[in-house]
Amino acid sequence: MKTYKKIDYTNLLTYFILSLGVIIVIFPYVSMVSTALKLPPETMAYPPYIIPKNPTVDNFVMVFKKVPFARFFINSFIVSATCLLVSLFFCSLAGFAFAKYRFPGRNILFLAILAKLMIPIHVQLIPLFKIVVALKVADTLFAVMLPSFISAFGIFLMRQTIAQIPNELLDAARVDGLGEFAVFLRIILPLSRTPLITLAIIFFVWKWGEFLWPLIVLSSLDKMTLPLGLVIFQNRYYIEYGPTMAAALMTILPVLMLFFVLQRKVTESLALSGLKG
Amino acid sequence: MSIFGYGYWRKFVRRNRETLTAYVFLLPTIIFFGSIIYFPIAYSFFFSFFEGSVIGERRFVGLDNYFYLFKDRLFRQSMLNTFYFTAFIVILEVVISLGVALLLNRERIKFGNFFKMVYFIPVVSSLIAVALLWKWMYEPRFGFFNYVLSFIGIRPRAWLLSENTAMSAVILTIVWKNVGLYIIIFLAGLKGISKMYKEAASVDGATEWQVAKYITLPLLKPVTFLVITFAMIRGWLVFPEVYVMTEGGPVNSTRVMVFEIWEKGFLFFKMGIACAESYVLFSVILLITFIQRKLLKE
Amino acid sequence: MRNKIREGTIGLLIVLIMWVISVPMVSAEKVTLKVWEFGGQESYNQLAGEIVEEWNVENPQIRVDSEFLTGGTWEHYNAKVTTALAAGVGPDIFWGEDTYSAQLAHEGFLSSAPDYLVDYLKENMFSKGVFDSLATEGVVRGIPGSVMWLGTFYNKDMYREIGLDPEMPPRTWTELKNYAEKLTLFDSNGDMIRSGISMRFTGHGMGIADKWSPFLFAAGGSFLNEDATKAAVNSDAGIRALQLYVDIIWKLRADDPLVPHDAPAFAQKQTAMISSRGPWVIGYVETNAPEIDFGVCPIPRDDVTMGTGSGGGVVEVWRVNIEAPKEAWQFLYWLAQPEQAKRLLVSRGSLPPYKFLIDDPSYTSPQMQAFLAQENIIGRVLHWKAYEIYSIVGGYIQQVCYRKMKAKEALDAAAIEIDKLLKES
């Protein structure tokens, strides 16, 4: 290993590029906060400036007044959390089946599941909505959750990672008298903690930000989720940017904070999720 | 042993224990996919041979819808646009994320976690929020994008309003949002490459570039393939950003396939054609994924 | 095996419990009318809510539940309504854009107005064009919820600035072009900082064609021929009307694709005129830029024909679901009575569809009078596929304004597509 005594230019360059990346990522958020704190004459000022001259929280107030935004938060949370729990359970179960069992039809079934990833959701929209109506659950949070209870991507990822668990562990457990489902609960799940966390984050974020399906399936204001609230200030003629940015900010913040809290786990889990193809 | 005997069934279960267990585990998945995923998909496929909206008169037209598509300029434009979109998005995302991952992976670079975390922020931000944010940033007069660019001497442009720049602008937003995820995936892959290879190479006198080029990158192929496939599929299915930021314009320059499907199905009530378009899209994605798989197997 | 079954059942139970928690409580049935409205301003929503309550008090056996779907664009709202109807859970009464919901009518989702209501409307509406917008294929299917047609807006301060008489707005296309050219401002780099006039050629095709239509009509043109069997938009009148746009943008450089447009631009003083917009702009400017002294004038006339024809804007129609109880029409009949209509329509910023509203004090301002001075309103629902027809034409208009095609070429192409469309239906 060489040691340098003079200035390491490549390192400097690297840091420079990386910092540039940070600025590129952070700056839009700064402008979002800045706009959220401004009222109309300032939001349309030219040239634009970052620090508002008359900062105000009116936009945030407006958002809460116009729609039950707090309710949207709760709804989004219920939907995202439930979907993620259900999905994690069934995806790992299915992943386990695909990874550790041999059975006729395995490959075809797996392909059928993967194929789903390539289909645009619009194709499913109307028939799916009809199903929801037939089940008499239209305009409920359950209907919003329904299409996301099991994820093809989740099954794919779990299969990848579970495949790497050594069979000896499983056989040992079986010899000890554990039933298959117990093997699943007591061996597989604990060992899959890291990919499960990865999926948890992905599912939560995805469901939190979902727009189209909730739009179609919900009509009562008190059942709506956050993204639907984002477009309240976009009417048929123009967009009111101040309140829209305030709403956007409030949509992003919770997930962001959750992310900061869990971030070490996330990066670790992604590293260990065995993405080796 | 009679087929109705309890003994027969016990033997059956014992012999096929593995298969049965697997299927029991898969039962919820099969039911779910069957009813919630595949039934609607099959229904739509069936519908692509008809004309009309979902309720009301429906005429069987066989392959007419598909023939219509090949003559329709909007469909062709949408296909082309989607192709360009996907190609640029994938290339940019892969190159940038791979590059940054390589940089972050360097020996002497500290604060790795900090950088990773920051880059991941757009990934966890809600898509619609991001689209609205960038729509705001691209505003010609009071948007920050032009303002910042003016410091580097670039004249203000109406990014979303000019057909030459609209696509690039939307691509930029999408890449900005997704790059963080791929950086982390690549980093994970990089960490999996044994340090020994790199050390051996540098002892032999190879520079960092050479190590990267001849050792790291080839070993990273499976991960790269995964990222490309994933990014590609997401590229083909782009919709909310376009819908919020440009509505397919100007002059159809950002009109992508899913937008086209949306318009035909939900605005013009031509569900049959919308379904046909979805299946063409699906077939293309399938085809390209297969081709890609073949190519990378080499 | 037994272990597994037990643990499996527990898992299943958990899921079921979660399911049960979120299933809504089914309310008892009575004659309830579900109404969906595409919400407007706060004040309107509140007033509408009060009016609904008045009905509920007077008519306890027919309860009306009204929901205001605020926010989002027309496309959001339309998609919602469509999907709900397609699945059979649509509202009983809903607010629909005239052209889009004409498609719904054709698909059989809407019921037709009873004779007493049709007679009432015929008697009390003063504009045939607006009345026609309520009907699809000859059958009336709603009452007017809000009516707008278009007028030309101009900034009087800017007129004074360059020496134009603010009380003499443009009356012909020549004057329009002339003034627009003079009102445009460039900076030292040659960039346009203020457009002389703001025309609509971006966004969805439907809106573009809609804002262009008064010019088409002023030139004596129309989208379709007399019995709506063939396209007529590529007539000389149509080409002239489109050429107007082209001249303003590219010959006179009074508008540009790259500058801000529409009401926000007008309020920010970045444009001196709006070529065609509805009366809602009046309220918008008064709220957001009260210092601007502005006026409205009827759409200028084509010099060649000196014809007047206005139209465009949108007629929002109260539609009734085909599956709704008859009582729904009773409610709408009540809404169309002078007392309710007056309050609702004025609060919405609508123009008066009914004769008994014309003398209402809310319409006496000079700006409103400019709207009312346009007599020959042409409805948009020329065919049940009007939405798509407008979208096609709008798409081509955009091509021309972005210099991808020439006016005649574009309109001919549009005509071909429209003819194909008409044949299919």
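Just so we're on the same page: letters track the sequence lines, and every chain starts at 1. Atom set for the values below is all heavy atoms of this structure, side chains included, hydrogens, waters and symmetry mates excluded.
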Report task. Please work out whether the ring planes of B:Trp136 and A:Tyr241 are parallel, tilted or perpendicular, with thresholds of 30° and 60°. Result -> tilted
Query raised in the report: A:Phe211 versus B:Leu127: any side-chain heavy-atom pair under 4.5 Å?
Result: no
Report task. For the pair B:Tyr38 (side chain) and A:Ala112 (backbone), establish whether a donor and an acceptor sit closer than 3.5 Å, ignoring hydrogens and angles. Result -> yes
Query raised in the report: Side chain, backbone, both or neither: which part of A:Leu249 has a non-hydrogen atom closer than 4.5 Å to chain B?
Result: neither
Report task. Work out which heavy atom in B:Leu133 is nearest to a heavy atom in A:Ser31; give both atom names and the distance. Result -> CD1-OG, 4.1 Å
Query raised in the report: What option among B:Val100, B:Val179, B:Val148, B:Thr19 has the most heavy-atom pairs under 4.5 Å with chain A?
Result: B:Thr19
Query raised in the report: Taking the side chain from B:Trp176 and the backbone from A:Ile24, do they hold a donor-acceptor pair closer than 3.5 Å?
Result: yes
Query - Ring geometry between B:Tyr23 and A:Phe103 (parallel below 30°, tilted from 30 to 60°, perpendicular above 60°) - result: perpendicular
Report summary line: So, the part of B:Ile233 with a heavy atom under 4.5 Å from chain A: the answer is side chain
Query raised in the report: Which bit of B:Pro240 is near chain A, if near means a heavy-atom gap under 4.5 Å: side chain, backbone, both or neither?
Result: neither
Requested in this report: Determine, stepwise, if the pair A:Phe149 / B:Ile36 fulfils side chain to side chain contact (heavy atoms under 4.5 Å, CB included).
Outcome: CA-CA 10 Å; A:Phe149 275 151; B:Ile36 305 284; over 6 Å; no
Query raised in the report: Would you say the side-chain atoms of B:Tyr119 pair up with the backbone N or O of A:Leu18, donor to acceptor, closer than 3.5 Å?
Result: yes
Query raised in the report: Which atom pair, heavy atoms only, marks the closest approach of A:Leu256 to B:Val124?
Result: CD1-CG2, 3.6 Å
Report summary line: If you tally heavy-atom pairs under 4.5 Å between each of B:Leu286, B:Ile121, B:Ile96, B:Val123 and chain A, the highest tally belongs to B:Ile121
Requested in this report: Count the heavy-atom pairs under 4.5 Å between each of B:Ser35, B:Ala22, B:Ser126 and chain A, then report the option with the highest count.
Outcome: B:Ala22
Query raised in the report: So which of A:Ile252, A:Leu13, A:Val255, A:Val25 has the biggest tally of heavy-atom pairs under 4.5 Å with chain B?
Result: A:Val25
Query raised in the report: What part of B:Ser48 is in contact with chain A, defined as an atom under 4.5 angstrom from a non-hydrogen atom: side chain, backbone, both or neither?
Result: neither
Report summary line: With chain B, the option among A:Thr251, A:Ile17, A:Leu146 that has the most non-hydrogen atom pairs under 4.5 Å is A:Leu146
Query raised in the report: Taking the six-membered ring for Trp, is the centroid-to-centroid distance between A:Phe90 and B:Phe32 below 6.0 Å?
Result: no
Query raised in the report: In terms of heavy-atom proximity below 4.5 Å to chain B, should A:Phe153 be classed as side chain, backbone, both, or neither?
Result: side chain
Requested in this report: Report the distance from atom CG of A:Leu212 to atom OH of B:Tyr243, rounding to the nearest 0.5 Å.
Outcome: 8.0 Å
Requested in this report: Identify the heavy atoms of A:Ala97 and B:Phe25 that sit nearest to each other, and give their distance.
Outcome: CB-CB, 4.1 Å
Query - 4.5 Å side-chain heavy-atom contact, A:Pro147 and B:Ile37 - result: no
Query raised in the report: Would you say B:Pro40 and A:Ile131 make side-chain contact, with heavy atoms under 4.5 Å?
Result: yes
**Report entry** Heavy-atom pair count under 4.5 Å with chain B, highest-scoring of A:Ile26, A:Leu128, A:Leu226
**Finding:** A:Leu128
Report summary line: Ranking A:Ile155, A:Leu253, A:Val205 by heavy-atom pairs under 4.5 Å to chain B gives rank one to A:Val205
Query raised in the report: What part of B:Glu277 lies closer than 4.5 angstrom to a heavy atom of chain A: side chain, backbone, both or neither?
Result: neither
**Report entry** Heavy-atom donor-acceptor pair, B:Glu18 side chain to A:Tyr101 backbone, under 3.5 Å
**Finding:** no
Report task. Can you sort out the partners of A:Arg106 under salt bridge (Lys or Arg N to Asp or Glu O under 4.0 Å), two or more places apart, ordered by chain and number? Result -> none
Query raised in the report: For B:Phe144 and A:Ser34, what are the C-alpha separation, side-chain angles and deciding distance, and is it a side chain to side chain contact (heavy atoms under 4.5 Å, CB included)?
Result: CA-CA 11 Å; B:Phe144 279 104; A:Ser34 149; 4.1 Å; yes
Query - Contact class of A:Met32 relative to chain B, heavy atoms under 4.5 angstrom - result: both
Query raised in the report: Does CG in A:Leu111 sit with more than 12 non-hydrogen atoms of other residues, nucleotides or ligands closer than 6.0 Å?
Result: yes
**Report entry** Of all pairs that satisfy side-chain hydrogen bond (donor to acceptor under 3.5 Å, both in side chains), the ones with a partner from residues 17-29 of chain A, not counting sequence neighbours
**Finding:** A:Tyr29-B:Ser125
